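Below is one structure, written out as structure tokens; the observations come after it.
Please read these numbers as outputs of a predicted model, since none were measured by experiment. Scope of the values below: all heavy atoms of this structure, side chains included, with no hydrogens, waters or symmetry mates. The sequence lines fix the lettering, A, B, ..., with proteins before strands; numbering per chain opens at 1.
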There are 2 protein chains.
Amino acid sequence: MKEQRREWPRGMKRTRQRECVLSVLENSDSPLSAMDICGSAQNRDCRLWLSTVYRILELFVKEEVAVKTTMPDGGTSLYELNRYRHRHYAVCLRCRRVLEMDNCPLEKFVPEFSESDFRVTGHRIEMYGYCRECDGKER
Amino acid sequence: MKEQRREWPRGMKRTRQRECVLSVLENSDSPLSAMDICGSAQNRDCRLWLSTVYRILELFVKEEVAVKTTMPDGGTSLYELNRYRHRHYAVCLRCRRVLEMDNCPLEKFVPEFSESDFRVTGHRIEMYGYCRECDGKER
DNA sequence: CTCGGTGCAAACTCTTTGCATTGAC
DNA sequence: GTCAATGCAAAGAGTTTGCACCGAG
């Protein structure tokens with residue numbers, strides 16, 4: 001995984017802890033939980049508290065630096081960098097591995113509603129199934 | 001909302017509490033939280049504990065009577081009957097109203113993956129935006 | 001009658017909040 | 001120097017677990 005230097009988000013005070021959280025996010029190619037992030041940060045010799053991670057993530061989401069998601073069966077919230085591009089995932093039901101899809105089914109799609117109008121500003125798609133390694137194996 | 005009688009799921013012990021949870025789910029056309037379900041049950045003069053609701057829902061999901069989902073920004077898990085048909089929702093970002101979509105963008109879609117194969121067995125789609133009442137209003 | 005289901009309490013996990021101190025600007 | 005950000009503790013929400021009693025089969 002490569003260190004990709006990006007400029008610091010404008011108008012946001014630059015602290016050691018925020019740099020660290022941003023760096024962890026930059027160097028992950030799948031969504032992370034607050035606890036994952038806190039752990040990775042500790043491994044980089046950056047001491048910071050879990051509540052601080054939550055506060056930083058909240059800020060990042062507000063500033064649209066990061067995006068918050070959840071796996072469909074609920075549980076913990078996950079965060080990833082807002083890469084300003086369309087990205088959808090396929091989740092393996094066996095090993096939980098997350099694959100990135102190269103295309104988006106909503107490119108040319110116009111949703112229909114019987115009851116009402118709706119102005120669509122975003123969408124979320126996840127595919128479920130089995131990755132190559134898990135397909136055919138039990139459970 | 002109409003009482004739709006369906007037969008009791010096979011091989012599952014029939015108790016007052018389970019009938020009640022099933023009935024609440026049958027008569028809702030949007031996903032409900034465990035607490036919603038518990039509340040609705042109380043309104044029907046069915047006393048049951050929240051932990052019981054969770055246990056019943058876990059059973060229903062295992063038996064594929066119900067489906068567990070979450071809104072994308074995390075938080076509480078929601079449950080709805082497994083209606084064995086394709087159904088996607090649009091969620092209003094302002095009032096949280098949930099609209100059902102009449103079509104599915106994945107009918108003719110074949111996902112592409114650069115790295116690996118993936119056998120797709122299901123998918124989840126949610127659209128976000130603003131419903132007619134909320135569009136244009138602030139926040 | 002038996003054994004799984006439920007009531008109830010308590011624990012657990014993830015997340016948020018409050019307050020004093022620290023550190024970026 | 002000022003005020004926002006953080007460390008830390010503690011509270012909150014949602015969910016799970018343990019155990020004794022109850023009730024469906």
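Residues satisfying the side-chain contact (heavy atoms from CB on, under 4.5 Å) test with B/E58, not counting sequence neighbours, are none. Shown here are the side chain to side chain donor-acceptor pair (under 3.5 Å) partners of B/S33, two or more places apart in sequence or in another chain: B/D36. In this structure, the side chain to side chain donor-acceptor pair (under 3.5 Å) partners of A/R47, at least two apart in sequence or on a different chain, are A/Q42.
Remark: the backbone N or O of B/K13 is paired with a side-chain donor or acceptor of B/R18 at under 3.5 angstrom. With hydrogens and angles ignored, the 3.5 Å screen pairs no side-chain donor or acceptor of B/R16 with any backbone N or O of B/C46. A donor-acceptor pair under 3.5 Å is absent between the side-chain atoms of B/N82 and the main chain of B/V65, judged by distance alone. At least one donor-acceptor pair under 3.5 Å links the side chain of A/W8 to the backbone N or O of A/M12.
Listed by residue number, there are no residues of residues 32-41 of chain B with a heavy-atom contact under 4.0 Å to DNA chain C. Residues from residues 51-59 of chain A that place a heavy atom under 4.0 Å from any atom of DNA chain C, listed by number: A/S51, A/Y54, A/R55.
Of all non-hydrogen atoms in A/L25 and A/Y79, the two that sit nearest each other are CD2-O, 3.8 Å. Residues B/S23 and B/N27 share a closest heavy-atom pair of O-ND2, 2.8 Å. Closest non-hydrogen pair, B/C38 versus B/L48, comes out as SG-O, 3.5 Å. Shortest non-hydrogen contact noted between B/S28 and B/S30 is OG-O, 2.6 Å.
Comparing B/R16 and B/L50 along DNA chain D, the residue whose closest nucleotide (by nearest heavy atom) sits nearer the 5' end is B/L50. In terms of position on DNA chain C, the residue among B/W49 and B/R18 whose nearest nucleotide sits closer to the 5' end is B/R18. If A/M12 and B/R47 are placed on DNA chain C by their nearest nucleotide, the residue sitting closer to the 5' end is B/R47.
The outermost nucleotides of DNA chain D lying under 4.0 Å from heavy atoms of chain B, listed 5' to 3', are D/dG14 to D/dG25. With a heavy-atom cut-off of 4.0 Å to chain A, the contacted part of DNA chain C has its first and last nucleotide at C/dC14 to C/dC25.
Summary of helix geometry: the two end axes of the helix from C/dC1-D/dG25 to C/dC25-D/dG1, each defined by five base pairs via their C1' atoms, are inclined to each other by 40° (rounded to 10°).
Neither A/Y54 nor A/V67 shares a network with the other; the hydrophobic side chains, linked directly or stepwise wherever heavy atoms of I, L, V, M, F, W or Y lie under 4.5 Å apart, form separate groups for each.
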>> Does B/R44 form a side-chain contact (heavy atoms from CB on, under 4.5 Å) with B/V24? I'd like the steps, not just the answer.
In response: CA-CA 9 Å; B/R44 292 160 182 246; B/V24 169; 3.8 Å; yes

> What do the steps show when you test B/M35 against B/T76 for side-chain contact (heavy atoms from CB on, under 4.5 Å), and what is the final call?
Replying inline: CA-CA 9 Å; B/M35 206 126 55; B/T76 74; over 6 Å; no

> Can B/T52 and B/V21 be said to form a side-chain contact (heavy atoms from CB on, under 4.5 Å), step by step?
Replying inline: CA-CA 10 Å; B/T52 305; B/V21 170; over 6 Å; no

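Counting any heavy atom pair closer than 4.0 Å across all strands shown, A/L48 reaches sugar-phosphate atoms only and no base atom.
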